[in-house]
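So that the names make sense, note that chain A is the first sequence line, chain B the second, and so on, each numbered from 1. It should be emphasised that the depicted structure is a prediction, and the values quoted were computed from it without experimental measurement.
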There are 2 protein chains.
Amino acid sequence: MSTNRITIKDIAKKLDCTPSTVSRALAGNTRVSLKTRNLVKKTAVEMGYRPNAIASALRKGKVDTIGMIVPRINRYFFSNVISGVEDILNPAGYNLVICQSNENEYKEQKAVQTLLQNQVGGILISLSVETNNYEHLNSIIASGTPLVQFDRVNLNIESPIVINNNFEGAYLATEYLIKQGYKNIGHFGGNPKIMAYSERYNGYIKAMNTYNMNINDKLIKFDTITQETGSSELIRFFNDNEIDALFCSSDFAALGALEALNKMKVDIPSEFGIIGFANEPFTKLISPKLSSVEQNSFKLGRTAAIALLNSIDNKPVETNQTVDVEFIPRQSSNKSI
Amino acid sequence: MSTNRITIKDIAKKLDCTPSTVSRALAGNTRVSLKTRNLVKKTAVEMGYRPNAIASALRKGKVDTIGMIVPRINRYFFSNVISGVEDILNPAGYNLVICQSNENEYKEQKAVQTLLQNQVGGILISLSVETNNYEHLNSIIASGTPLVQFDRVNLNIESPIVINNNFEGAYLATEYLIKQGYKNIGHFGGNPKIMAYSERYNGYIKAMNTYNMNINDKLIKFDTITQETGSSELIRFFNDNEIDALFCSSDFAALGALEALNKMKVDIPSEFGIIGFANEPFTKLISPKLSSVEQNSFKLGRTAAIALLNSIDNKPVETNQTVDVEFIPRQSSNKSI
DNA sequence: CTGTTAGCGCATTCAC
DNA sequence: GTGAATGCGCTAACAG
């Protein structure tokens, strides 16, 4: 397959010097005379030399690649986090390798295994909702590979963590519904094992309590973060319960609920208020526009990447960082009666 | 950093045999007795052995990693292509590494360089719109690394190509507008250097000619694929020209145009018909729902991955494959007068 | 400023 | 069925 690749040996032979000199020259080592350095570099280009990163990594025992594992690549939130991570990593000379777990525990374990086998310099991970067993995270730590968890994290694992202020976002959203005059406010949450979701739930509860609102367990449903479940769950309990507002931990669940309400001819926002979470681009495209919580995902990505680089360089790392969120009011929650 | 990693040497020492035997046993070589094989495997697990993929790759001169370069990760189309690629690659024992070019030629070149340096077993690429120089593609070929281009391809580069039937999709969309009775149909295209876009343009022209429609160059605008340009370009020529319909090569441009029209109180679809391309999820969420062209991106990803695997295995590869598209009529193009 | 030597961890050829 | 020896391409310690 691969045509005979040019190595530093070939360059050395041509220039009648040793591979060491070539290696040093290419690395810009000033112990090599400027003249030789330039000559080597020029010849390398002429001969079409491409360094073998594999060999270099094996020798140096480390690699300039960082691995990142996310549940889904096609979420506004995650793709922005990725961009934020790249914004830090690329200038620092690292390459980012992205793996999708597709919310599947097995794929997540496989991804960890692959990254460790490839000796990545560090790993950034946001857990799949399905993940129940955390042995793969321990094996990252056992391997000595720096690890940073972000967004969907497990606190029992020893690693720096970067998360949004999910509690605050949920609190603000719920408070907004309350102040708009909605009376029976329900909640669609994610899997409470995941801290991001439990915190949103906690923020919701806190706001409800602060304003002496009645909390009805029947109006609270976990594991409801997709469009499908958002729609079906709303239909399932809308007719049997008094409910006039919903704070969803996911824009997609909110979208599903909103569509179901539209079909039932329930007017939003006059009869029903609804708020999502994540500020997906579609939130401002649908009708009515969906209120949501912006997570500053780009900044979160930068923060996580910086934490990882510090961890790699053995610099001090704040173990627990929080990125601010912002409530974005739109039509879906502005009671206009 | 990395704690002393267990190697086959350590296992050999413990079992009082040689690294060769361990290596063979781990690889399942039948020349090693079943008993030894099992013992080695068991001990490897017990000792927490993790194979060093780097060393293995250096030795074998190849790597079980495939590189993929896409302009943007957060496009419905691309993220689905990625899933399709994974659907083929993972079962085949390959790992996928994804790089974003962000539509930037330099980042694309850098990504190619990184992948080649990491000796990936093959590369899948969809070109950035900005890319003008194709030397990096030639260097992939020169390195002997199998290459497959998909979607945004350059025909002058010697490689298998997998694309959508863009011509057909554009033809069907334009034909639909014509049959709905729209008279002055414009076109927002992408960069015609990119075949995907030139073919959509060609399909538009073909439909217009087939039905003896008047083609007005003033109503055709290239490099208009973002929401912003879609909006600004529409505003720029709407008032000065007779135009009552638009076929856009991008859903985002169509969205921008649609928003501008909404603001100008132009009724869609009675006064103006509009169709996009790619069937982004938001197309069915906005109001009015946007007609578009579904590209079967998952299938396209599978097709491209299969082509690459065949190319890696030196099996015959169809050099030029086309994946069907489907026109999805929605409200934005159904003239209901 | 440059050469010599050694070895990263693994897979493979050649022995026996 | 197993061991010994070699080298993938590169870098780094040690000389000089």
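Residue V32(A) places its side chain closer to dT2(C) than to any other of dT12(C), dT2(C), dC10(C). When distances run from any side-chain atom of R31(B) to the nucleotides dC8(D), dC10(C), dC14(C), the shortest one goes to dC14(C). Taking every side-chain heavy atom of K9(B) into account, dC8(C) is the closest of dC10(C), dT2(C), dC8(C). With dA12(D), dG3(C), dT12(C) as the candidates, the nucleotide lying closest to the side chain of C17(A) is dG3(C). The side chain of S33(A) has dC1(C) as its nearest neighbour among dC10(D), dC1(C), dT12(C).
Evaluation of the side-chain hydrogen bond (donor to acceptor under 3.5 Å, both in side chains) rule for E130(B) yields no partner, not counting sequence neighbours.
Counted within 6.0 Å of NZ on K14(A), heavy atoms from surrounding residues, nucleotides or ligands total 12 or fewer; the atom is thus considered open.
As rounded to whole Å, 14 Å separates atom C1' of dC10(D) from atom CG of D64(A). Straight-line distance from the CG atom of L34(A) to the C1' atom of dT2(C): 16 Å, rounded to whole Å. Residue K35(A) contributes atom NZ, which lies 12 Å from atom P of dC1(C) at whole-angstrom precision. Whole-Å rounding puts the Q117(B) CD to dC10(D) C1' distance at 13 Å. Atom-to-atom, CG of N29(B) to C1' of dG1(D) comes out at 10 Å; the value is rounded to the nearest Å. Put simply, CG on L58(A) is 9 Å from C1' on dC8(D), counting in whole angstrom units. Residue I8(B) contributes atom CD1, which lies 12 Å from atom P of dG3(D) at whole-angstrom precision. Atom C1' of nucleotide dG9(C) and atom OH of Y49(B) are separated by 8 Å, given to the nearest angstrom.
The residue among T30(B) and K60(B) whose nearest nucleotide of DNA chain D lies closer to the 5′ end is T30(B).
Counting only heavy atoms from C-beta outward, the side chains of V85(B) and L308(B) never approach each other to under 4.5 Å. The shortest distance between side-chain heavy atoms of L26(A) and I8(A) falls below 4.5 Å.
Contact between the side-chain N/O atoms of T36(B) and the OP1/OP2 oxygens of dT2(D) is found at a separation under 4.0 Å. For S23(B), a side-chain nitrogen or oxygen approaches OP1 or OP2 of dA11(C) to under 4.0 Å.
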Tabulate atom names and distances for all N/O pairs under 3.5 angstrom spanning the protein and nucleotides 4-6 of chain C.
| unit_1 | atom_1 | unit_2 | atom_2 | d |
| --- | --- | --- | --- | --- |
| dT4(C) | O4 | S20(A) | OG | 3.1 |

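At least one donor-acceptor pair under 3.5 Å links the side chain of S126(A) to the backbone N or O of F150(A). In this structure, the side chain of N52(B) engages the main chain of A55(B) through a donor-acceptor pair within 3.5 Å. No donor-acceptor pair closer than 3.5 Å links the side chain of Q100(A) to the backbone N or O of S83(B). Of the possible polar contacts, none joining the N310(B) side chain to the A307(B) backbone as a donor-acceptor pair under 3.5 Å is found.
Side-chain contact check for E108(B) and T131(B): at least one donor-acceptor pair (N or O, by modelled atom type) lies under 3.5 Å.
Computed from C1' positions of five pairs at each end, the angle between the two local axes of the helix from dC1(C)-dG16(D) to dC16(C)-dG1(D) equals 40°, rounded to 10 degrees.
Using a 4.0 Å cut-off between charged side-chain N and carboxylate O, K107(B) and E86(A) make a salt bridge.
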